[in-house]
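Each residue takes its place number in the sequence, starting with 1.
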Amino acid sequence: MYSAQVLDHFQNPRNAGELGDADAVAELENPACGDLLRLTLKASEGRVTQAQFKAKGCVAAIACGSALTELVVGKTLSEAGTLKRDDVISAVGGLPQASAHAAQLAVDALSLALSRVERQP
């Protein structure tokens, strides 16, 4: 049902936790399924330097939160803002259609967090 990458991110989540000195915090819940994702970001000189997540939900929600943190670190704030649901789905080796909402939750949390980062000149 799930790809090897999804299971790996679920069993060995990357960047799990919360940045205490985050520049931005976003927490979203999917009202349809109850999945919850909290994303914290640190930025410097217009780039995402650190990202951590906490998730409460299905296997896909945890895997997508993990993969998202790997995708955004090192990107400029603008580059990070262009990430789409399909980018997260690709990063976890695909998702069943019924689980695609987990990737959308991750991207939505990223968008909210990025909107809260103070833009540096």
Give the minimum heavy-atom separation between S3 and G93, together with the two atoms involved.
CB-O, 3.5 Å
Provide the closest heavy-atom pair for D23 versus A43 in the form atom of the first, atom of the second, distance.
OD2-N, 2.7 Å
Rounded to the nearest 0.5 Å, what separates atom CD1 in I89 from atom CD in Q104?
8.5 Å
List the steps and the verdict of side-chain contact (heavy atoms from CB on, under 4.5 Å) for D108 and L112.
CA-CA 6 Å; D108 290 346; L112 181 59; over 6 Å; no
Rounded to the nearest 0.5 Å, the NZ atom of K84 sits from the OG atom of S90 at a distance of 13.5 Å
Exam field: side chain R14 to backbone S66, donor-acceptor pair closer than 3.5 Å:
no
Paired with L110, the side-chain contact (heavy atoms from CB on, under 4.5 Å) test is passed by just one of L39, T69, V48, namely L39
Do L19 and V72 belong together in a cluster built from hydrophobic side chains that touch within less than 4.5 Å?
no
Value for CE (M1) from CG (L7), rounded to nearest 0.5 Å, stands at 10.0 Å
List the atom of H9, the atom of V92, and the distance in Å for their closest heavy-atom pair.
CD2-CG1, 4.2 Å
Strictly by side chain to side chain donor-acceptor pair (under 3.5 Å), give each pair with a member in residues 25-42 just once, sequence neighbours left out.
E18-R38, E27-R38, D35-H101
Run the side-chain contact (heavy atoms from CB on, under 4.5 Å) check on L105 and L28 step by step: do they pass?
CA-CA 7 Å; L105 180 64; L28 290 177; 3.8 Å; yes
Does one hydrophobic cluster hold both F53 and V117, with members joined at side-chain heavy-atom distances below 4.5 Å?
yes
L95 and C64: CA distance, side-chain angles, deciding distance, side-chain contact (heavy atoms from CB on, under 4.5 Å) verdict
CA-CA 10 Å; L95 286 173; C64 288; 3.7 Å; yes
Closest approach of A24 and A113, non-hydrogen atoms and distance?
CB-O, 3.2 Å
Non-hydrogen atoms of A106 and L37 that approach each other most closely:
CA-CD2, 3.4 Å
Are any non-hydrogen side-chain atoms of Y2 and V59 less than 4.5 angstrom apart?
yes
Looking at every non-hydrogen atom in both residues, tell me the closest pair between I62 and A55 and how far apart they are.
CG1-CB, 3.9 Å
